[in-house]
Amino acid sequence: MTSRTSLPSWQKLDAHAEEMKQQHMVDLFANDSERFSKFSIKAPQFLFDYSKNLMSDETRALLLDLAKDCDVEGWRSKMFSGERINKTEDRAVLHTALRNRSNKPTLVDGENVNEDVQKALNHVKAFSDKVRYGEWLGYSGECITDVVSIGVGGSNLGPQMVTDALNEYANNDIQVHYVSNVDGTQIANVLRPLNPETTLFVVSSKTFTTSETMTNATTAMEWLVAAAFDKNAIAKHFVAVSSNKEKATAFGIAEENIFDMWDWVGGRFSLWSTIGLPIAIYLGFENFVALLEGANEMDKHFCETPLENNAPVIMGLLSLWNTTFLGSQSQVILPYDQSLHMLPAYLQQAEMESNGKSTSWDGEAIEYTTVPALWGEIGINGQHAFYQYLHQGNTIVPADFIGSVQSLIPVNNHHEILMSNFFAQTQALMQGVTEEQVREELTAKGMSPSDIDKVAPHKVHKGNRPSNTILMQKLTPKALGSLIALYEHKIFVQGILLQICSFDQWGVELGKGLANKIQAELTSDTVSDNLDSSTYGLLNYFKSAR
Ligand code: F6P
């Protein structure tokens with residue numbers, strides 16, 4: 001395999017990065033009045049401004065050369081046309097087919113999957129309508145008032161993030177709750193106020209083997225049967241979303257209550273599939289479709305827009321630029337929107353499970369830094385917590401600021417205050433404050449020269465900290481669909497640039513296997529002495545302290 005580092009465009013970027021590290025964004029803005037219009041994109045559903053990155057016209061040209069050298073466009077066609085680009089699992093990657101709104105066939109091994117997708121969507125519509133309109137009845141003939149979605153990772157984060165974000169669009173006749181953690185505290189708290197007669201469980205697990213999900217589903221079943229005194233109640237209160245029908249039926253879920261999933265949909269890209277059932281129940285099928293439409297608009301933008309104006313392509317390139325070439329180790333996601341409070345957690349799985357790897361798709365060790373650690377929080381809360389680190393810490397953390405022109409729930413002047421902070425923070429991170437400015441300001445306030453000497457170094461902000469700004473008109477199902485798809489495609493582009501198979505997750509499997517072995521140790525009388533001394537000591541302590 002030819003390493004990316006041997007590409008001329010990569011080598012030029014390497015040398016160019018050294019030059020750019022000497023530059024300050026303040027000067028780049030001062031020397032180019034067109035910078036904002038040059039380095040911003042009107043994408044479907046939002047404006048994407050990336051002008052506050054440490055980059056020049058030359059940087060962008062070199063990055064675009066790299067995208068061409070890595071054949072991003074060719075890989076994009078392979079993904080959309082159903083080629084098995086998930087090489088390590090030998091699977092196609094077709095979450096985009098789930099939101100394909102055209103009649104253009106999508107072929108997997110020569111078979112058009114559109115029909116299956118439509119069938120599954122019809123199933124979601126019919127079922128969610130029944131539940132929402134009070135036609136799906138529990139064992140005692142009561143309508144459903146509460147849905148508990150049991151699943152973890154990609155079978156949880158997407159639906160939960162979306163239903164939380166779009167809460168304003170629900171009519172709230174039915175509440176949706178989520179159980180993802182095998183810590184019994186969560187399921188106990190969720191079930192405590194619920195009435196078994198009016199509660200429906202959606203067990204979401206692509207594999208139907210994930211131990212945390214199976215444990216929670218078993219506990220939920222026991223809770224239901226203990227109230228109904230009848231195992232037949234399960235059929236009225238449990239549905240499953242899974243590609244493993246056999247395991248789901250063996251678990252006790254009626255075959256007609258199993259929603260199909262396919263191996264060409266990765267867990268972390270699956271909210272568009274039947275995994276989105278809780279979304280359709282909570283928000284209504286029309287809103288679920290609007291979400292799909294928004295994502296489809298982004299798919300079209302990604303496929304049809306030249307690379308230089310292509311938001312996910314530029315985002316992927318900038319991630320590589322900031323991380324691999326300029327040396328950032330982490331990236332922060334900052335939604336200035338209460339409704340998007342789960343977005344950082346969602347994107348953590350999407351990006352880090354996809355590209356947090358150090359082996360190339362040909363099985364060779366990767367010698368460059370791949371993706372940053374992703375973290376984040378609602379912007380305003382972050383300002384009063386970790387922004388100190390963003391402004392004056394000695395590592396640079398590129399930030400994505402996400403906000404809306406219009407508030408979802410306008411209250412007095414709250415939105416102006418929120419968005420003033422939003423714009424001010426991107427400006428402050430970029431500009432910083434020089435010692436000269438600090439001294440001038442303190443002198444004007446009448447501070448003595450000796451006091452100024454003491455405090456001035458602490459008030460200096462170097463600035464030059466990169467950020468992207470994503471500005472939606474308003475958080476709608478369509479806008480959210482488009483935003484999520486933007487990040488999905490960014491992650492895809494990153495993977496191609498880094499030569500990473502973005503669609504497997506072997507790193508997660510290791511812990512799962514070990515946990516099974518340790519569980520056996522916890523339930524046996526003694527602890528086997530072939531463990532390392534730390535694990536041996538901890539297990540013995542835990543068992544004797546129980
Ligand atoms: O966390 C690892 C993982 O395999 C994710 O990729 C996946 O989203 C999650 O577990 C849940 O898997 P399943 O849907 O098969 O229960």
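Each ligand, and each atom within it, is numbered from 1 in the order the structure gives. Every value quoted in this text rests on a predicted model; they were computed, and no experiment measured them.
The part of K512 lying near ligand 1 is the side chain, judged by heavy-atom distances below 4.0 Å.
The backbone N or O of L283 sits less than 3.5 Å from a side-chain atom of N287, completing a donor-acceptor pair. Looking at Q186, its side chain does come within 3.5 Å of a backbone N or O of N181 through a donor-acceptor pair.
Within the listing of ligand 1, atoms 9 (C), 11 (C) sit less than 4.0 angstrom from a heavy atom of V152. Taking every heavy atom of S205 and a limit of under 4.0 angstrom, the matching atoms of ligand 1 come to 13 (P), 14 (O), 15 (O), 16 (O). Below 4.0 Å from some heavy atom of K206 lie the following atoms of ligand 1, by number and element: 13 (P), 14 (O), 15 (O). Atoms of ligand 1 lying under 4.0 Å from at least one heavy atom of V508, given by number and element, are 1 (O), 2 (C). The Q505 neighbourhood of ligand 1 comprises atoms 6 (O), with distances under 4.0 Å to a heavy atom of that residue. Here is the list of ligand 1 atoms found below 4.0 Å of a heavy atom in T207: 13 (P), 15 (O), 16 (O). Per-residue contacts place G154 under 4.0 angstrom from the following atoms of ligand 1 (heavy atoms of the residue considered): 7 (C), 8 (O).
Nearest to atom 12 (O) of ligand 1 among the protein's heavy atoms is T210 OG1, 3.5 Å. What sits closest to atom 14 (O) of ligand 1 on the protein, heavy atoms only, is S155 OG, 2.6 Å. Closest to atom 5 (C) of ligand 1 among all protein heavy atoms lies E353 OE1, 3.3 Å.
In the model, N355 has a side-chain atom that pairs as donor or acceptor with a side-chain atom of S502 under 3.5 Å. Checked by atom type, the side-chain pair N114/Q118 shows no donor-acceptor distance below 3.5 Å.
Ring pair F259/F127 is perpendicular by interplanar angle, where above 60° counts as perpendicular and below 30° as parallel.
Between atom CG of residue L480 and atom CD of residue Q45 there is a gap of 10.5 Å, rounded to the nearest 0.5 Å.
Look at D263 and K206 and you find no salt bridge, because none of the NZ, NE, NH1 or NH2 atoms lies under 4.0 Å from a carboxylate O.
The aromatic ring centroids of W375 and F386 lie less than 6.0 Å from each other.
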